[in-house]
Trainee: 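Here it is: the structure, laid out below.
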There are 2 protein chains.
Amino acid sequence: MRRAQVLRDALEQDIVTGKFRPGDRLDEQSLAARFEVSRTPIREALMQLASTGLVELQARRGAFVASLSFKDVVERFEVMAALEGMCGALAARRITEAMQRELEKAHEDCVREASQENADAYYYANERFHHVIYEACQNIFLAEQAQQLHARLKPYRRLQLRARSRVANSLAEHQGIVDAIHAGDSDRAERLLREHILIQGERLADFIASFDRAA
Amino acid sequence: MRRAQVLRDALEQDIVTGKFRPGDRLDEQSLAARFEVSRTPIREALMQLASTGLVELQARRGAFVASLSFKDVVERFEVMAALEGMCGALAARRITEAMQRELEKAHEDCVREASQENADAYYYANERFHHVIYEACQNIFLAEQAQQLHARLKPYRRLQLRARSRVANSLAEHQGIVDAIHAGDSDRAERLLREHILIQGERLADFIASFDRAA
DNA sequence: AAGCGATTTATTGTATACAAGATTGTTGAC
DNA sequence: GTCAACAATCTTGTATACAATAAATCGCTT
């Protein structure tokens with residue numbers, strides 16, 4: 001695999017996990033020294049990350065870890081709602097039986113993990129649930145776009161408090177979505193998924209607004 | 001402005017206008033010689049174009065003008081429908097009076113140009129109409145995503161025959177959309193815009209399917 | 001002492017040189 | 001005549017050197 005790809009993944013990981021924080025400067029030379037490569041593949045990696053919106057390139061000023069304002073986050077969740085709603089609508093019409101089983105299994109996993117106290121395990125089960133829906137829509141491009149935006153919002157989701165009450169509501173919403181897709185009711189699937197995402201967005205925006213003094 | 005940016009625009013123009021055709025190889029050296037720069041900014045420009053999906057980078061194989069298959073086009077129009085539908089829904093709730101006037105003016109321009117025989121002028125008036133809707137949604141990120149995908153599909157739209165009957169229908173649809181947004185009916189605006197885009201996608205996909213023997 | 005300006009310094013942007021891998025052409029054997 | 005293997009060549013990927021621009025510091029003037 002190309003070095004720049006490896007560097008891209010490493011940098012992405014460092015940003016997502018919070019090693020680099022929003023607003024941090026990403027100096028090419030320092031990164032080159034740290035990863036023991038030249039500036040060329042570093043620059044390539046930074047440009048790729050810029051295209052996904054994870055870093056911001058300022059002309060002749062360098063690269064910075066992008067920081068989303070309150071408004072930015074709300075905006076992205078609105079787009080996420082549109083994309084994921086469309087995934088649900090298409091999935092309700094097109095989902096295969098195999099995918100249907102996977103979706104039900106993913107939902108069951110969410111329920112099981114929620115009953116445990118392991119917040120991370122629930123987080124990943126929830127992520128899996130949504131990824132199954134992305135794939136179930138049978139539109140590769142749509143699934144890619146949804147996954148990309150989902151990933152872009154990941155560092156912000158990790159900030160979120162695991163409110164137990166929200167988890168219970170979330171599971172109920174998941175059940176409704178599974179039912180709608182199973183029934184082939186594309187309108188209901190779309191509406192429920194859209195609301196599910198927008199609620200998450202509002203919760204997260206509130207949380208960010210209370211912490212993000214930089215914005 | 002950075003050279004790479006200029007090169008990016010120039011290459012994009014050449015691809016969109018059909019100077020380079022889907023599947024064409026984009027040799028770094030040739031491009032560097034043609035634009036009288038080194039390979040470095042050429043590579044940067046190609047990577048940026050790859051991030052928008054206009055060119056495809058194959059590892060150790062080079063860059064090629066991306067060619068969308070029948071399925072690819074249909075998929076992108078489905079996403080376009082979701083994004084533009086959301087734009088319409090939000091615009092119906094949030095549009096300013098100034099934007100409302102711009103939208104009506106853009107629609108009137110479409111009607112006027114349609115009555116003339118200048119296909120290009122109608123094409124640009126139509127483009128303007130959709131761009132106003134993107135901006136009217138008051139979600140900058142959503143507007144950017146919609147514009148980017150719109151631009152990505154541009155070279156394929158240019159292939160399309162200007163069927164007069166389709167233009168008449170299109171104008172009627174535009175009128176319905178303007179009315180729905182004006183009435184603040186977000187559900188109707190979303191549904192009408194979505195259908196408007198999906199119809200275009202189907203038309204275009206039929207056309208491409210009859211020509212694109214490579215796919 | 002404070003503010004403005006020039007010079008220095010550091011960092012990005014571009015060019016070129018080098019290395020690694022892929023493609024293609026040629027040559028030989030079957 | 002065809003297929004395969006090897007070699008030559010061409011192209012991408014990376015490193016380094018150089019140029020240009022923006023930030024910062026130091027000095028001068030008021």
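Lettering follows sequence order; numbering is per chain, from 1.
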Trainee: Would you say A/R39 reaches C/dA10's phosphate, i.e. side-chain N/O to OP1/OP2 under 4.0 Å?
Mentor: no
Trainee: Counting only side-chain heavy atoms from C-beta out, which of C/dT14, D/dT12, C/dT11 sits nearest to B/R2?
Mentor: C/dT14
Trainee: What's the verdict on side-chain contact (heavy atoms from CB on, under 4.5 Å) for B/L31 and B/V37, showing C-alpha distance, side-chain angles and the deciding distance?
Mentor: CA-CA 8 Å; B/L31 294 173; B/V37 295; over 6 Å; no
Trainee: Whole-Å distance between C/dT11 P and A/I42 CD1?
Mentor: 15 Å
Trainee: Would you check, one step at a time, whether the test side-chain contact (heavy atoms from CB on, under 4.5 Å) holds for B/I15 with B/D24?
Mentor: CA-CA 10 Å; B/I15 292 171; B/D24 281 3; over 6 Å; no
Trainee: Counting side-chain heavy atoms from CB outward, which of C/dA15, D/dT14, D/dG13 is closest to A/S38?
Mentor: D/dT14
Trainee: Could you tell me if A/E113 and A/Y123 have a donor-acceptor pair between their side chains, going purely by distance under 3.5 Å?
Mentor: no
Trainee: Any chance you could lay out the side-chain contact (heavy atoms from CB on, under 4.5 Å) test for A/H174 and A/C110, step after step, and finish with the verdict?
Mentor: CA-CA 9 Å; A/H174 281 199; A/C110 285; 4.1 Å; yes
Trainee: For nucleotides 20-23 of chain D, tabulate all protein N/O to nucleotide N/O atom pairs closer than 3.5 Å, reporting atom names and distance.
Mentor:
residue	atom	partner	partner atom	Å
D/dA23	OP1	A/R61	NE	3.1

Trainee: For the pair made of CZ in B/F64 and P in D/dT11, what is the distance, rounded to whole Å?
Mentor: 12 Å
Trainee: Counting only side-chain heavy atoms from C-beta out, which of C/dT11, C/dT14, D/dT11 sits nearest to A/R43?
Mentor: C/dT14
Trainee: With respect to the side chain of A/A4, which nucleotide from C/dT12, D/dT14, C/dT14 is positioned closest?
Mentor: D/dT14
Trainee: Taking atom C1' of C/dG13 as reference, at what distance in whole Å does atom CD of A/Q29 sit?
Mentor: 13 Å
Trainee: Without hydrogens or angle criteria, can the side chains of B/E144 and B/Q148 be said to hold a donor-acceptor pair below 3.5 Å?
Mentor: no
Trainee: Take atom CD of A/E28 and atom P of D/dT16, then tell me their distance rounded to the nearest Å.
Mentor: 15 Å
Trainee: Please give, in whole Å, the distance from D/dG13 P to B/M47 CE?
Mentor: 9 Å
Trainee: Out of D/dG13, C/dA15, C/dT12, which has the shortest distance to the side chain of B/T40?
Mentor: C/dA15
Trainee: Output the rounded distance in Å from CD (B/Q48) to C1' (C/dG13).
Mentor: 13 Å
Trainee: Could you state the CD-C1' distance from B/Q5 to C/dT12, rounded to the nearest angstrom?
Mentor: 14 Å
Trainee: Of A/E36 and B/L26, whose closest DNA chain D nucleotide lies nearer the 5' terminus?
Mentor: B/L26
Trainee: Give me the atom names and distance for the closest heavy-atom approach of A/L171 to A/A114.
Mentor: CD1-CB, 3.5 Å
Trainee: Quickly work out the A/F35 CZ to D/dT14 C1' distance and round it to whole Å.
Mentor: 16 Å
Trainee: Any donor-acceptor pair under 3.5 Å linking the side-chain atoms of A/H131 with those of A/H150?
Mentor: no
